[in-house]
Amino acid sequence: MPSASSFGTVFLFGEHAVVYGFPALVASVDRKISVSAERNRRDTIRIRSSLGSATIRINDIGRAGGKLNYVIRAIHNTFQHIGKTGGMDVNIKSSLPPSSGLGTSSAVCVATIRAVSSAFDSSLEEKDLINLALKTERDIQGLASRAGVTCALFGGYWLIEGERATKIEAQGMEAVVGWSGIPSSTRKMVRFVGKLKEKQPVIVDVIFNGIGWLTRVGVNYLRSGNVERLGQLMNLNHALLASLKIVPPKIERMLQACWERGALGAKITGAGGGGCIIALGKTEKILKAIEETGGKAFKCKLGSTS
Ligand code: MEV
């Protein structure tokens, strides 16, 4: 049965600013979303996932939405791109918390497009796959950068700037992800920041330029393996994100606990409003600190490509 899996993503630097063309540095986490797609003889598409299930008639796939909107849109866009449609059973398995800011929507788009196109024996070039996944995100969110879909497909570390994606060669790194348990909606948060930018263009421009600087310097520290300096810059990036008012109090408490236990660097990752933090430093101490504040934490390896 055709299946595909894609990586989750964390932002070391640059979320939100990247949507407006500023640079961002992302890393894959060694946790994935897997999608299998098998053709059936019915005129329906049946989707099963931990978020819920749906059965949709083929002719309605362009109009359907709800909780599985990224998957449904990815199937619709794949059908349009390959010029074929048909009944299918699509199953999704994830080792990432849903709506967590860990690039789950990008990962599910990339894996769905891959699995569905191969079920129809239409193999897509990587470039087309990325563009289709990005179109799917933009259809749903309005604005989306290449960061999530690039990292989801290839893994590793990526510097994203506008439409350009550059692979960064650097060592894999141990880190801790802390999940607040508060779902994060990328669509909602991207709109929220967009409105703030309209109301306070000068302030938001200063914030985004600052984030851009941190990203550029951060790339050098990542390449040279200077985790201490990388961490300091991540802390600064977090302060700038907090000034965009996208960090809920529970996330601030989780981060405070990490810093008090000596984390070298810690920040919110992804769109915010909830979701996850990423922390570098002594992993056991950080895990404990996050769990004491009521968050759920897991160790991960950043920059994995397998
Ligand atoms: C969401 O994971 C990160 C944002 O920068 C949106 C994007 O890059 O598409 C907020």
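One is the number of the first residue; the rest follow in order along the sequence.
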Do [X] and [Y] come within less than 4.5 Å of each other through their side chains, counting heavy atoms only?
| X | Y | answer |
| --- | --- | --- |
| Arg191 | Leu196 | no |
| Met234 | Phe11 | no |
| Val217 | Val219 | no |
| Lys84 | Phe79 | no |
| Ile92 | Ser34 | no |
| Thr112 | Thr78 | no |
| Lys93 | Ile33 | no |
| Ile278 | Val29 | no |

Original post:
Can you list the residues that meet the side-chain contact (heavy atoms from CB on, under 4.5 Å) rule with Arg42, with sequence neighbours excluded?
Top reply: Asn40, Thr44, Arg46, Asp89

Ignoring hydrogens and geometry, is there a side-chain-to-backbone donor-acceptor pair from [X] to [Y] under 3.5 Å?
| X | Y | answer |
| --- | --- | --- |
| Asn209 | Asp205 | yes |
| His76 | Ile61 | no |
| Glu125 | Lys127 | no |
| Thr215 | Pro23 | yes |
| Thr293 | Ile290 | yes |
| Ser118 | Asp121 | no |
| Ser184 | Ser100 | no |
| Asn235 | Lys267 | no |
| Ser180 | Gly275 | yes |
| His16 | Ala271 | yes |

Subject >> Test side-chain contact (heavy atoms from CB on, under 4.5 Å) applied to Phe13 and Leu159, Leu222, Leu214, Val26, the passing residue >> reply: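 Considering Leu159, Leu222, Leu214, Val26, a side-chain contact (heavy atoms from CB on, under 4.5 Å) with Phe13 is found only for Leu214.
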
Return yes when atom [atom1] of [X] has more than 12 non-hydrogen atoms of other residues, nucleotides or ligands closer than 6.0 Å, and no otherwise.
| X | atom1 | value |
| --- | --- | --- |
| Trp213 | CH2 | no |
| Arg146 | CZ | yes |
| Glu292 | CD | yes |
| Tyr221 | OH | no |
| Lys67 | NZ | no |

Could you give the distance from [atom1] ([X]) to [atom2] ([Y]), rounded to the nearest 0.5 Å?
| X | Y | atom1 | atom2 | value |
| --- | --- | --- | --- | --- |
| Arg253 | Lys250 | CZ | NZ | 7.5 Å |
| Thr9 | Trp158 | OG1 | CH2 | 11.5 Å |
| Tyr70 | Asn77 | OH | CG | 13.0 Å |
| Tyr20 | Ser145 | OH | OG | 11.5 Å |
| Leu129 | Ile113 | CG | CD1 | 6.0 Å |
| Cys258 | Ile286 | SG | CD1 | 5.5 Å |

In plain terms, say whether [X] and [Y] are close enough for a salt bridge, that is, a side-chain N and a carboxylate O under 4.0 Å apart.
| X | Y | result |
| --- | --- | --- |
| Arg187 | Glu137 | no |
| Asp30 | Lys301 | no |
| Glu291 | Lys288 | no |

Subject >> Sequence neighbours excluded - salt bridge (charged side-chain N to carboxylate O under 4.0 Å, His left out) pairs with any residue from residues 270-285 >> reply: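 For residues 270-285: Glu284-Lys299.
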
Subject >> side-chain contact (heavy atoms from CB on, under 4.5 Å) between Val176 and Ile277, intermediate numbers included >> reply: CA-CA 8 Å; Val176 176; Ile277 64 167; over 6 Å; no

Original post:
Honestly, is Lys245 close enough over Phe192, meaning NZ or CZ under 6.0 Å from the six-membered ring centre and within 45° of the axis?
Top reply: no

Original post:
If we ignore angles and hydrogens, is there a donor and acceptor under 3.5 Å between the side chains of Tyr157 and Gln171?
Top reply: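 Short answer, no.
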
Which atom of [X] lies closest to which atom of [Y], heavy atoms considered:
| X | Y | result |
| --- | --- | --- |
| Gly14 | Asn237 | N-OD1, 3.1 Å |
| Ala119 | Pro2 | CA-CG, 3.5 Å |
| Ala133 | Val110 | CB-CG2, 3.8 Å |
| Thr104 | Ser99 | OG1-N, 3.8 Å |
| Ala266 | His238 | O-CB, 3.9 Å |
| Ala147 | Ile160 | CA-CG1, 3.6 Å |

**OP:** Decide side-chain contact (heavy atoms from CB on, under 4.5 Å) for Leu264 and Arg229; before the verdict, give the C-alpha distance in whole Å, the side-chain angles of both, and the deciding distance to 0.1 Å.
**Re:** CA-CA 8 Å; Leu264 298 173; Arg229 292 287 175 269; over 6 Å; no

Original post:
Between Phe154 and Phe7, does the ring centroid distance fall short of 6.0 Å?
Top reply: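 Here the rings of Phe7 and Phe154 have centres that are no less than 6.0 Å from each other.
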
Are [Y] and [X] connected into the same hydrophobic cluster when the rule is that any two of I, L, V, M, F, W, Y join if their side-chain heavy atoms are below 4.5 Å apart?
| X | Y | answer |
| --- | --- | --- |
| Phe208 | Val206 | no |
| Leu241 | Ile182 | no |
| Val18 | Met189 | yes |
| Leu134 | Leu153 | yes |
| Ile203 | Leu244 | yes |

Original post:
Can you list the steps and then say if Ile75 with Ile47 is a side-chain contact (heavy atoms from CB on, under 4.5 Å)?
Top reply: CA-CA 10 Å; Ile75 297 171; Ile47 305 167; 4.0 Å; yes

**OP:** Take His81 and Asp128 through the side-chain contact (heavy atoms from CB on, under 4.5 Å) test and state the conclusion after the steps.
**Re:** CA-CA 9 Å; His81 184 84; Asp128 293 335; 4.2 Å; yes

**OP:** Check step by step if side-chain hydrogen bond (donor to acceptor under 3.5 Å, both in side chains) holds for Lys32 and Ser95.
**Re:** CA-CA 6 Å; Lys32 290 186 175 182; Ser95 56; over 6 Å; no

